[in-house]
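Each ligand, and each atom within it, is numbered from 1 in the order the structure gives.
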Amino acid sequence: MSVSFKPRSIHDLQTFKQRGERFVMLTAYDAISAAILDEAGVPVLLVGDSLGMVVLGHPSTVPVTTDEMVHHTKAVRRGAPAALVVTDMPFGSYQIDPSAAKANAVRLMQEGGASAVKIEGGERVLDLVGDLVGMGIPVMGHLGLTPQSVNQFGGFKVQGRTTEAADRIVSDTRALQDAGAFAVVLECVPAEVGRRATQGVDIPTIGIGAGQDTDAQVLVLPDLLGMTAGPLPRFVKAYVDGRSIMRDAVKAFQAEVASGEYPGSEHRY
Ligand code: KIV
């Protein structure tokens, strides 16, 4: 069998860390965005369960199912065949019992085409992380504001503000590394916690609202593109006003159809 492209792998991220090269991860939920992110050289695409909120319109990530994650992972894989695609294990897919968790992770890899899975939590998921890694399934951890626990936290709030909570995030990052995780997302924690957690491990940390010292940064693509409405977390930076761009383009189309300007002679057969 001849392979005409070099697929991205988790080892690329380790190399970035060793070289001190900061990198990005971005969410992708469909084939077209995945293809564009791949063209832009994004080294890791996350099929985040944030899709429940930004694509499916739920108020949190809690309602997202494994079937939905498989469906969107397939699309992302079709759009970016050689990408490193990490897929979130959704709420309820890994907490109930270890066999079901392993079966769900296998589905995301085998049916969806994910290269790796992401799991929220620290100490309570360490055994599962070890088991999955032992099965050949690379695992990315996720600490700090773990959105699947929003009901426990009482909202989307900064985590790790007390000394005890900060120390726990730092030690959990280390414990995830020791359990075999290849990277850890740190979400919505004080910059000092992001720095300490990063310095304590050899694997890359990927921050979102975790300050400037993590090895990488991740954003939700519709946030980066300025598509998301409403009050946004402080860490979000929109690089274009995508919502206005889209609205203006749609209005221009409507106006041209109304005036008869579109379709012009160059658009007709
Ligand atoms: O679901 C998601 O998009 C995520 C990122 C915010 C890290 O977990």
Side-chain angles (χ1 to χ4, degrees), residues 13 23-30 33-34 37 42-66 68-73 75-76 83-95 104-105 108 112 114-122 125 129 138-150 153 155-160 169 172-173 176 181-189 193-194 197-198 203-211 214-225 227-228 232-238:
L13 309 191
F23 63 94
V24 306
M25 175 164 85
L26 279 168
T27 64
Y29 314 114
D30 55 50
S33 327
L37 296 183
V42 174
V44 47
L45 309 186
L46 173 66
V47 188
D49 59 357
S50 54
L51 72 84
M53 299 172 79
V54 297
V55 177
L56 305 177
H58 294 299
S60 78
T61 59
V62 172
V64 178
T65 64
T66 301
E68 286 166 338
M69 296 308 294
V70 167
H71 176 78
H72 287 271
T73 304
V76 167
L84 173 58
V85 175
V86 180
T87 295
D88 262 326
M89 294 199 69
F91 178 70
S93 70
Y94 58 98
Q95 297 94 336
N104 286 325
L108 294 171
S115 329
V117 299
K118 176 160 80 59
I119 296 177
E120 295 185 4
V125 300
V129 171
V139 179
M140 179 180 280
H142 186 156
L143 296 170
L145 172 53
T146 45
Q148 293 171 14
S149 301
V150 63
F153 295 146
F156 295 96
K157 296 177 181 167
V158 178
Q159 301 297 307
I169 291 168
D172 276 351
T173 307
L176 282 165
F182 70 92
V184 176
V185 169
L186 297 169
E187 179 164 355
C188 242
V189 296
V193 177
T198 301
I203 56 171
T205 58
I206 306 179
I208 175 161
T214 53
D215 299 300
Q217 298 288 333
V218 52
L219 281 177
V220 166
L221 184 63
D223 289 348
L224 176 149
L225 296 177
M227 308 285 287
T228 323
L232 293 172
R234 181 190 172 100
F235 59 74
V236 169
K237 179 168 178 183

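- Close contacts of ligand 1 with Gly48, meaning ligand atoms under 4.0 Å from a residue heavy atom, involve 1 (O), 2 (C), 3 (O).
- Under the 3.5 Å distance criterion, with hydrogens and angles disregarded, no donor-acceptor pair is assigned to the side chains of Thr205 and Thr214.
- Near His142, meaning under 4.0 Å from any of its heavy atoms, are these atoms of ligand 1: 8 (O).
- Judged purely by atom type and a 3.5 angstrom limit, Gln217 has no side-chain atom pairing as donor or acceptor with the backbone of Gly209.
- Taking 4.5 Å as the limit, every side-chain heavy atom of Ile206 sits out of range of all side-chain heavy atoms of Val184.
- There is a side-chain donor-acceptor pair under 3.5 Å between Tyr94 and Gln148.
- Checked by atom type, the side-chain pair Thr87/Thr73 shows a donor-acceptor distance below 3.5 Å.
- Counting heavy atoms under 4.0 Å from ligand 1, residue Leu51 does not touch it at all.
- Nearest protein heavy-atom neighbour of atom 5 (C) of ligand 1: Leu46 CD2, 3.7 Å.
- Side-chain contact check for His142 versus Met140: every heavy-atom pair is 4.5 Å or farther apart.
- Close approach of ligand 1 to Asp49 (heavy-atom distance below 4.0 Å) involves ligand atoms 1 (O).
- Near Lys118, with a cut-off below 4.0 Å to any heavy atom, the atoms of ligand 1 are 4 (C), 8 (O).
- Listed by atom number, the atoms of ligand 1 under 4.0 Å from Ser50 heavy atoms are 1 (O), 2 (C), 3 (O).
- Contact annotation: for Ile208 versus ligand 1, heavy atoms closer than 4.0 Å belong to the side chain alone.
- Between the side chain of Asn104 and the backbone N or O of Ser93 there is at least one donor-acceptor pair closer than 3.5 Å.
- Taking all atoms of both residues into account, the shortest heavy-atom contact from Phe182 to Ile203 is O-CB, 3.5 Å.
- Contacts between Asp88 and ligand 1 below 4.0 angstrom, taking non-hydrogen atoms only, involve the side chain exclusively.
- Side-chain contact check for Asp223 versus Leu232: some heavy-atom pair is nearer than 4.5 Å.
- The shortest N or O to N or O distance between Tyr29 and ligand 1 is not under 3.5 Å.
- Glu120 does not count as a contact of ligand 1, since none of its heavy atoms falls under 4.0 Å from the ligand.
- With a 4.0 Å cut-off on non-hydrogen atoms, Thr27 touches ligand 1 through its side chain and not its backbone.
- Neither the backbone nor the side chain of Met25 comes within contact range of ligand 1; no heavy atom lies under 4.0 Å.
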